[in-house]
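First the structure, in the form of structure tokens, and then the observations on it.
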Amino acid sequence: MRTYQFPLDLVRERSPERPVALVRPRSVSVAARWFQDNLKADVFYAVKANPSRWVIETLVEAGVTGFDVASLAEIELVRSVSTDVRLAFMHPVKSRSAITKAYFDHGVRTFSLDCEDELQKILDATGGANDLNLLVRMAVSADGAAYSLSGKFGVSTDQAPSLLLATRRAVKDGLMGVCFHVGSQCMRPTAYQAAMAQVGRAITRAGVIVDIVDIGGGFPSVYPGMVPPDMSEYADAIHRGFNEMPVSETTELWCEPGRALVAESSSILARVDLRKGDALYLNDGSYGSLFDATHSRWPFPTKLVRDGDASSDLKPFQFYGPTCDSIDHMPGPFWLPADIREGDFIEIGMLGAYGVAMSTGFNGYGEHDLAAVEDAPMASLYGLAPRSIPTVRTTAEEQARKVVRLSRPKGKAGQRKKARR
Ligand SMILES: *Cc1c(COP(=O)(O)O)cnc(C)c1O
């Protein structure tokens, strides 16, 4: 992988034909360090957030020794980088052959489940192995998260006690645990504490001894309009929640961050292939790395990367991706110089998580290049850049407010009228 100091250096050198994932490995190491230093938990990186080889390699170099995987392909990917790290197969629904291969060929010992049939399947497919770590996935409330991860998986609190008991009985020399996911991009640190209380009540009702509490992922990143509380508040809430759980001194705390380890690290460098008014047609889109810009309408932060002057007047744009599908539209608004034109490059930031991971080859698009850059990410929860994205939108709103203030009519009635608008 080539390294450039700035994205503009890459544009100057080779005006790339395909979209480029601009990656900042250091920001992944810094995020990993935050988890290692501030959370008293074993870290299992959730590979699905960004399964790029450089991410796995960077995390292994940074000392991350656990990986949360959901498929044989993810298992093989991580194993091709390291034969030593611990793999936890945390998909609650797995095929028999995937379980068998994971256990016998790849040394996977940790599996999650959310019903008795899956428990039996794991026992059968591993030949009744006695060194399994089995984690019961519990459904918890997803208040405060952008995406729920309890809609599809997780045993309900009602049915949890009998499954906890059955799993406890099935575990021999390994460890028995509970796991959950508070939902991705969780903006409320107390959501973890609430989930731990909910899970704790089920443990008490079942009367089981639990060896592992795995709090899953959900840790946030920064996006325009979504600036989460300080990461230390997440650590505090989790440590408080853990202290209040009915578990023993030796119970292990595990976590499975995906987004929070990688989101800041990467941008996508896309090219404008056509401009029609406020619509920019790019060579990347919702079937490529911009899934969330379409399906969640996230207005990712953008920067023009042009070798030359640009208008200082910023305007809101919408994007269209390269495929022929009308869904391939990203409403934004994305604020960019008013004179943006065909052939310009745009850096779209904060796409390290669920960006390239979502790419498809639909319509012959979706392939991208990879390059490392040495500048700072557009925002950072770990001190590498400002904590919030200085959106132009805020500036525009401020300008609008200034205009209102300047033109505010004298007299109280007029002021109140303006204020209400
Ligand atoms: C997706 C997922 C994660 C990672 O979630 P983030 O919100 O990206 O941190 C962790 N654990 C499981 C089981 C998941 O499905």
Side-chain angles (χ1 to χ4, degrees), residues 28 31-32 34-35 39 41-52 55-56 59 64 66-71 73-75 78 86-94 98 102 108 110-114 118 133-155 177-189 191-192 195-196 199 212-223 226 228 231 234-235 237-238 253-266 291-292 295-296 298 350-358 381-382:
V28 172
W34 184 88
F35 276 86
L39 207 59
D42 292 0
V43 175
F44 288 74
Y45 168 61
V47 173
K48 80 168 184 289
N50 188 333
S52 304
V55 171
I56 316 285
L59 288 170
V64 171
F67 289 82
D68 157 11
V69 289
S71 60
E74 287 184 357
I75 290 172
V78 179
R86 283 193 294 175
L87 298 177
F89 204 157
M90 299 306 287
H91 196 312
V93 182
K94 301 161 285 298
V108 179
T110 303
F111 297 85
S112 81
L113 58 107
D114 68 358
E118 185 75 10
N133 303 322
L134 297 176
L135 281 79
V136 175
R137 171 78 172 260
M138 317 253 304
V140 296
S141 154
D143 291 351
Y147 296 97
S148 166
L149 272 97
S150 284
K152 185 169 174 183
F153 301 126
V155 62
V178 290
C179 60
F180 58 83
H181 198 300
V182 294
S184 202
Q185 183 66 12
C186 178
M187 298 291 281
R188 274 197 313 130
Y192 288 90
M196 287 161 112
V199 170
I212 301 165
V213 173
D214 178 348
I215 56 171
F219 301 90
S221 187
V222 184
Y223 302 97
M226 272 186 281
M231 288 297 281
Y234 288 82
I238 288 162
L253 184 62
W254 291 11
C255 64
E256 306 162 359
R259 181 188 303 282
L261 287 177
V262 292
E264 299 177 2
S265 72
S266 316
F291 185 95
D292 281 337
H295 299 284
S296 304
W298 284 10
M350 310 305 285
L351 276 166
Y354 308 109
V356 293
M358 311 298 279
L381 292 179
Y382 310 105

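Note that ligands are numbered from 1 as they come in the structure, with each ligand's atoms numbered from 1 the same way.
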Inset, instruction - Test Ser184 against Arg259 for side-chain hydrogen bond (donor to acceptor under 3.5 Å, both in side chains), laying out the working first. - result: CA-CA 8 Å; Ser184 202; Arg259 181 188 303 282; 3.1 Å; yes

Legend entry - Residue pair Phe35, Met231: steps toward the side-chain contact (heavy atoms from CB on, under 4.5 Å) verdict: CA-CA 10 Å; Phe35 276 86; Met231 288 297 281; 4.0 Å; yes

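Atom 4 (C) of ligand 1 has as its closest protein heavy atom Ala46 CB, 3.4 Å. For atom 11 (N) of ligand 1, the closest non-hydrogen atom of the protein is Glu256 OE1, 2.5 Å. Looking only at protein heavy atoms, the nearest one to atom 15 (O) of ligand 1 is Lys48 NZ, 2.8 Å. Considering only non-hydrogen protein atoms, atom 8 (O) of ligand 1 sits nearest to Tyr354 OH, 2.5 Å.
We find that Asp68 and Lys48 are not joined by a salt bridge, their nearest charged nitrogen and carboxylate oxygen being 4.0 Å or further apart.
The aromatic ring centres of His181 and Phe153 sit 6.0 Å or more apart. Taking the six-membered ring for Trp, Phe180 and Tyr192 have ring centres at least 6.0 Å apart.
Applying the 4.0 Å criterion to heavy atoms of Arg259 picks out, from ligand 1, the atoms 6 (P), 8 (O), 9 (O). Heavy-atom contacts of Asp68 reach the following atoms of ligand 1: 10 (C), 11 (N), 12 (C), 13 (C) (cutoff under 4.0 Å). Residue Gly218 approaches ligand 1 through these ligand atoms, each under 4.0 Å from one of its heavy atoms: 5 (O), 6 (P), 7 (O), 9 (O). Listed by atom number, the atoms of ligand 1 under 4.0 Å from Gly258 heavy atoms are 4 (C), 6 (P), 8 (O), 9 (O).
Glu74 contributes no side-chain N or O that, together with a main-chain N or O of Pro51, makes up a donor-acceptor pair within less than 3.5 Å.
In this structure, Asp292 and Tyr223 have side chains that are not in contact, with every pair of non-hydrogen atoms separated by 4.5 Å or more.
Residue contacts with ligand 1 for Ser184 involve both N, CA, C or O and side-chain atoms from C-beta outward (heavy atoms, distance under 4.0 Å).
The closest non-hydrogen atom to atom 5 (O) of ligand 1, taken over Arg137, Met90, His181, comes from His181.
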